[in-house]
Amino acid sequence: MAGPRVRFAPSPTGFLHVGSARTFIFNWLYARHNHGTMILRLDDTDVERNTQQSVDSIFEGLKWLGLNWDEEYKQSDRLDLHRKTAWAIFEKGLAYRDFTPAHAGDAEKSGAQGAWLFNPGARELSRAESDRRAASGEPFALRFRVPRHGEGYARTAWGQPPSAVRFAEGKLCVHFNDAVYGDQMKAADDIEDFALLRSDGMPTYHLASCADDVDLRISHVIRGQDHLTNTFKHVLIFEAAGAVSPQFAHLPLLIAPDGTKLSKRRHGPVVSVTTYRDAGFLPEAFINFLCLLGWSPKNDRENMSLQELQDAFSLEGINRSNAVVNFKESATSEPAAPPSGDVIPTAREASGRHLLFPSPLFASEETFDPKALWLNAEHIRALPVESLSERLLPIVRGEGWDVSPEKMLRITQLIRERIKLLRDVLTTADFFFVKQLPPYDAAELIPQKGDSAMALKVLTRAREVLANVEFRHDPLDHTLRAAAQELGLKAGQMFQPIRVAVCGRKNAPPLFETLEVLGKETTLERVASAIAKLQQGVN
RNA sequence: GGCGCUAUCGUCUAGGGGUUAGGACGGAAGAUUCUCAAUCUUCAAACCCGGGUUCGAUUCCCGGUAGCGCUACCA
């Protein structure tokens, strides 16, 4: 295959978060748009922090997105390649052993003066001396010998015309071109002698990443902008390894409304992909949303299918400034006690389950970026009813409610314009599923410009009339309107008490369709108990 | 501290030397309707600051400021 080869290379140190998901999606889109190859590579060289649990949750997130990849690798399987690459660089004289002990994580920031470049003495160590100390078992890190001004770099591998290393403005500079950020140049004297191999022999991220990119023939590296300045090091490694650098494209970062980077610690579950899945986002809507952060098709299109995204995607559409994922932070801060009942979906109350713990995972709708919700609603409406219904069914059943697929389909038609998240089915259509309506205030039964006597009159009449009508839309319509006229009421005044009696609330799908699905028996039962409720209130 | 990147409505963005600075979400108002939703109409809402270049800068250049990133034997 002649197309580009791109990779998504997460390090398994946590769940899949939205920023990583977007990086994955952009890589995928680029690969598919250009008939290339999508590679998944687990960058797991940090044995301390990697966990299997994290690997699992990353796969879980990717599986939900539903975007496939063509090849899969794990860096920990390829350590030999990394080491071989490192030592080849060493043999060229472009890396050296540093016997200086690693500083134990302290912040010796070298304060006022410039950045740290290398440890004194390590660079100049003769090869013989270096070999001797290594042979004696003394631990060392292998460091890259970043070309320095006045060190005769021309004698090394550097300096040939296509080199990334060149003189500019009297300084030795490293250069590369980024598809998003354009030409990038940095003085070599601002790049420290970074490590290739740790003293335990494990490759560092920089080395492993580049060695694998070479070996896997990666043509385009599309990743977060947090790697932009690392790229100077990478370009150096590629060249030292005798390889041509891939084309780089760095993505603007996704940040939280408070301007800081997204972190689970600070911002809670809204940064995890599975939260969106569990809240009832459609993967295609979530993908659509993420694509609009930091990329634009430049034609005002927003609501797009996967295929449309794939057709429209290009690196030129990526912009350079960070984008805010506009979720509500207050709703997600985890220790904040569940304040009042309104956080708890009524469906849960009704079913009497999970009552005590409104999991932050299912934080209210207001938690999510409004645009994400809007897009999700758009995608929900764009779905064929049958397929929407199929997705809703397991959610309803998961709540312990039994519905037949046939009934679910009819309900779906009534709610599809009324839900933003799949899970909203539980709060929007609950009255279709429960046998017993959750308690509601009898005052709700009272129509506009009416009193409880009017409500009683309406419901009493409705009970008589409904007992003798066929439960289909038109007969219901005619009968109830006629009843209203007969009672000298406006249609709305007639319908509202019935709606509340039957749904337990004022806001619900259209009345006749609702009654049709509910059926005569349930309807009459609920009207009867509403009448009882009213009579109770009167006494 | 050093180095780098960025800066258009609240948010996501389009645009570009001369525009009524466009779209979307969200907000407000109205229409429609048996409520809600959907739909439609309308409204409010932005070029970070200061210098240059220019007949003219929001756009180009420089400086400032702010935000973010990197500055690890993390990735």
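Below, all heavy atoms of this structure are taken into account, side chains as well, without hydrogens, waters or symmetry copies. In what follows, every chain begins at residue 1, and chains take the letters A, B, ... in the order their sequences are listed. From a predicted model like this one, the values you see are computed outputs, not experimental measurements.
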Exercise. Counting side-chain heavy atoms from CB outward, which of C3(B), U35(B), C68(B) is closest to Lys186(A)?
Worked result: C3(B)
For this session: Between Tyr181(A) and Glu378(A), just flag the one whose closest nucleotide in RNA chain B comes earlier from the 5' side.
Result: Tyr181(A)
Problem set entry | Interatomic distance, Arg49(A) CZ vs A75(B) C1' [rounded to whole Å] | 6 Å
For this session: Would you indicate which nucleotide in G2(B), G69(B), A75(B) comes nearest to any side-chain atom of Asp190(A)?
Result: G2(B)
Exercise. So, is Arg143(A) close to the C73(B) phosphate, meaning a side-chain N or O under 4.0 Å from OP1 or OP2?
Worked result: yes
For this session: Kindly say if Thr45(A) contacts the phosphate of C74(B), meaning a side-chain N or O under 4.0 Å from OP1 or OP2.
Result: no
Exercise. Any side-chain heavy-atom pair from Phe232(A) and Phe194(A) closer than 4.5 angstrom?
Worked result: no
Problem set entry | Nucleotide opposite A14(B) in a Watson-Crick or G-U pair, distances under 3.5 Å | none
Exercise. What is the nucleic acid contact for Gly294(A), judged by heavy atoms within less than 4.0 Å: base, sugar-phosphate only, or nothing?
Worked result: sugar-phosphate
For this session: Cation-pi check, Arg123(A) to Phe118(A): give yes when NZ or CZ is under 6.0 Å from the six-membered ring centre and within 45° of the ring axis, no otherwise.
Result: yes
Problem set entry | hbond_proxy Gln184(A) side chain to G4(B) base (donor-acceptor, 3.5 Å cutoff) | no
Seminar exercise, completed: Checking A75(B), U71(B), C34(B) against the side chain of Phe512(A) (C-beta onward), the nearest is C34(B)
Exercise. Using a cut-off of 4.0 Å on non-hydrogen atoms, how would the nucleic acid contact of Thr231(A) be classed: base, sugar-phosphate, or nothing?
Worked result: nothing
Exercise. Strictly by modelled atom types, are Gln75(A) and Asp43(A) linked by a side-chain donor-acceptor pair under 3.5 Å?
Worked result: yes
Exercise. Which nucleotide, A75(B), C12(B), G69(B), lies nearest any side-chain atom of His206(A)?
Worked result: A75(B)
Exercise. Could you state the CG-P distance from Leu262(A) to C68(B), rounded to the nearest angstrom?
Worked result: 13 Å
For this session: Report yes or no: is there a donor-acceptor pair, N or O only, under 3.5 Å between the side chain of Ser199(A) and the base of C73(B)?
Result: yes
For this session: Would you kindly give the NZ-to-P distance between Lys171(A) and G4(B), to the nearest whole Å?
Result: 8 Å
Seminar exercise, completed: To the nearest angstrom, the CZ-C1' distance between Arg481(A) and C34(B) comes to 6 Å
Problem set entry | Nucleotide opposite G27(B) in a Watson-Crick or G-U pair, distances under 3.5 Å | C43(B)
For this session: Write down the partner of U19(B) under the Watson-Crick or G-U wobble criteria, each distance required to be under 3.5 Å.
Result: none
For this session: Please work out if Glu444(A) contacts a base, only the sugar-phosphate, or nothing of the nucleic acid, heavy-atom cut-off 4.0 Å.
Result: nothing
For this session: Ignoring the backbone of Glu192(A), work out which of U71(B), G69(B), C74(B) is nearest its side chain.
Result: U71(B)
For this session: Take atom CG of Asn303(A) and atom C1' of G23(B), then tell me their distance rounded to the nearest Å.
Result: 14 Å
Exercise. Do other residues, nucleotides or ligands put more than 12 heavy atoms under 6.0 Å from Lys171(A) NZ?
Worked result: no
Exercise. Across all strands, who's sitting opposite C36(B) as a Watson-Crick or G-U wobble pair, both distances under 3.5 Å?
Worked result: none
Exercise. When you check the gap from the basic side-chain N to the acidic O, do Asp477(A) and Arg481(A) get nearer than 4.0 Å?
Worked result: yes
Exercise. Cut-off 3.5 Å, side chains only: do His234(A) and His206(A) have a donor facing an acceptor?
Worked result: yes
Exercise. For the side chain of Arg320(A), counting heavy atoms from C-beta on, which of U6(B), G26(B), A24(B) is nearest?
Worked result: U6(B)
Exercise. Ignoring hydrogens and angles, does a donor from either the side chain of Lys298(A) or the base of A14(B) sit under 3.5 Å from an acceptor on the other?
Worked result: no
Exercise. Checking all strands, does Lys261(A) fall into the base, sugar-phosphate, or nothing category for heavy-atom contacts under 4.0 angstrom?
Worked result: sugar-phosphate
Seminar exercise, completed: Checking N1-N3 plus N6-O4 or O6-N4 for Watson-Crick, or N1-O2 and O6-N3 for wobble, each under 3.5 Å, the partner of C70(B) is G2(B)
Problem set entry | Of the listed nucleotides A75(B), C12(B), G4(B), the one nearest the side chain of Val324(A) | C12(B)
Exercise. Does atom CD of Glu308(A) have more than 12 heavy-atom neighbours, drawn from other residues, nucleotides or ligands, at distances under 6.0 Å?
Worked result: yes
Exercise. Within 45 degrees of the axis of the six-membered ring of Phe26(A) and under 6.0 Å from its centre: does Arg22(A) put its NZ or CZ there?
Worked result: yes
Exercise. Out of A24(B), C74(B), U6(B), which has the shortest distance to the side chain of Glu302(A)?
Worked result: A24(B)
For this session: Please report, rounded to the nearest Å, how far the C1' atom of A24(B) is from the CE atom of Met304(A).
Result: 13 Å
For this session: When you get a sec, tell me which of C36(B), C34(B), A14(B) is the closest nucleotide to the side chain of Arg418(A)?
Result: C36(B)
Exercise. Within this structure, what is the CH2-to-C1' distance between Trp374(A) and A38(B), rounded to whole angstrom?
Worked result: 14 Å
Problem set entry | Donor-acceptor pair (no angle test) under 3.5 Å: Asn230(A) side chain, A75(B) base | yes
Problem set entry | Candidates C74(B), C70(B), A14(B) - which lies nearest the side chain of Arg198(A) | C74(B)
Problem set entry | U65(B): pairing nucleotide in any strand, Watson-Crick or G-U under 3.5 angstrom | A7(B)
Exercise. Atom CG of Asp226(A) and atom P of C74(B): how far apart are they, to the nearest Å?
Worked result: 17 Å
